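Structure, as structure tokens:
In what follows, chains carry the letters A, B, and so on, assigned in the order in which the sequence lines appear, proteins first and then strands, with residues in each chain numbered from 1. For the numbers below, each heavy atom of this structure counts, side chains included, while hydrogens, waters and symmetry mates do not. Quick caveat: nothing in here was measured; it's all calculated off a predicted structure.
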2 protein chains.
Amino acid sequence: MVTKQFKGSSEDADLSRADSLAREIFSDIANKWALLITEALGDRTLRFSELRNEIEGISHKMLTQNLRLLERNGLVERTVYATVPPRVEYTLTEPGHALRVTIDGLCDWTHQYLAQIEDSRRRFEEA
Amino acid sequence: MVTKQFKGSSEDADLSRADSLAREIFSDIANKWALLITEALGDRTLRFSELRNEIEGISHKMLTQNLRLLERNGLVERTVYATVPPRVEYTLTEPGHALRVTIDGLCDWTHQYLAQIEDSRRRFEEA
DNA sequence: CGGTATCCGGCCGGATACTG
DNA sequence: CAGTATCCGGCCGGATACCG
């Protein structure tokens, strides 16, 4: 459960702290761009510019911002080559790969229910 | 793949339309509150106020807004009882339950890597 | 090429007040 | 109790410019 920050007996301060941390992480991860980047990486190693091309519609700023976020949480490893021009590669860590599996599930779900959702939307717009 | 809007041969206009729709749905779903509401519902049936209590920190506005979003996409069914005071109940549909399974995975992931992520963050703050 | 900084318009989202 | 409407401060995120 990530929904409640404080569950059970309020005397256990550690549990509530762990839960609020869980929520914080969840909020970091459950965001469009972070998920798309993780999914785009898959088990490849990609450069900044490759990621940018790979992810339709992401801006320079959003990409760097979310890459830092993922790096900070240890989902992505960043390797800088001191060449000129510089070359920076990104790849998923083990936690990153684990997360990716569940994101795959999310993508599968999206495609599986695509038509059904489209129908539901159409029906909803009649009221 | 939800990352690229246009994949493969550009002659198939239907595929690209399906992909952009997938991205749109993905953007709707991959949002903190929508996911938390879906997770909170689980296989229960909850009233508006119960959901509000269940989800730590959600505002009245965000709850209604995201419930409409979920309803529109057919993930949540809304039942109004014409009593006074009114009573409105929310429950997951079949697509909603399917989605919930993958969100469970996300929550499990969060708890599983909690400590590891906390460490990674600490290490990151030294640079 | 990859990253940071700055600017700033727009919308996100909380607070409040009002209906059925 | 549940929902809508309005107001408005804050930050999100795109555009641009400039370093290593």
If you compare every side-chain N and O of A:R47 against the phosphate oxygens of C:dG2 (OP1, OP2), does one of them come in below 4.0 Å? yes
For residues 66-73 of chain B, which residues have at least one heavy atom under 4.0 Å from DNA chain D? B:R68
Would you kindly give the CG-to-P distance between A:L63 and C:dG2, to the nearest whole Å? 10 Å
Report which part of the nucleic acid B:Y90 touches: base, sugar-phosphate, or nothing (heavy-atom distance under 4.0 Å, all strands). sugar-phosphate
SB check A:E126 A:R121 (cutoff 4.0 Å): no
Pairs in or reaching into residues 20-53 of chain B: which pass ring pair (Phe, Tyr, Trp, His ring centres under 6.0 Å), with residues at least two apart or in two chains? B:F48-B:H60
Among residues at least two apart in sequence or on other chains, which ones pass side chain to side chain contact (heavy atoms under 4.5 Å, CB included) with A:S49? A:R47
Salt bridge (charged side-chain N to carboxylate O under 4.0 Å, His left out): pairs with one or both residues in residues 82-93 of chain A, sequence neighbours excluded: A:R87-A:E89
Using a cut-off of 4.0 Å between protein heavy atoms and nucleotide atoms, how would you tag nucleotides 12-20 of chain C 5' to 3' with B, S and -? -BB-----B
Atom-pair distance (CG on B:N53; C1' on D:dC1), nearest Å: 12 Å
Length of the line joining A:F48:CZ and C:dG3:P, which is rounded to integer Å: 5 Å
Regarding A:E118 and A:Y113, do their side chains bring together a donor and an acceptor under 3.5 Å, going by distance alone? no
Residues passing the side chain to side chain contact (heavy atoms under 4.5 Å, CB included) test with A:V80, sequence neighbours excluded, are A:R78, A:V88
With sequence neighbours excluded, what pairs up with B:R52 under the salt bridge (Lys or Arg N to Asp or Glu O under 4.0 Å) test? none
Ring pair (Phe, Tyr, Trp, His ring centres under 6.0 Å) contacts touching residues 66-104 of chain B (sequence neighbours left out): none
Taken in chain and number order and not counting sequence neighbours, the residues that satisfy side-chain hydrogen bond (donor to acceptor under 3.5 Å, both in side chains) with B:E71 are none
Hey, does A:R52 reach any base, or is it just sugar-phosphate, or nothing, if we go heavy atoms under 4.0 Å? nothing
Which residues pass the side chain to side chain contact (heavy atoms under 4.5 Å, CB included) test with B:D119, sequence neighbours left out? B:R122, B:R123
Five-pair end axes of the helix from C:dC1-D:dG20 to C:dG20-D:dC1, angle between them (10°): 40°
Between D:dA2 and B:S49, is there an OP1 or OP2 to side-chain N/O distance shorter than 4.0 Å? yes
Got a sec, which residues hit side chain to side chain contact (heavy atoms under 4.5 Å, CB included) with B:S27, two or more places apart in sequence or on another chain? A:K32
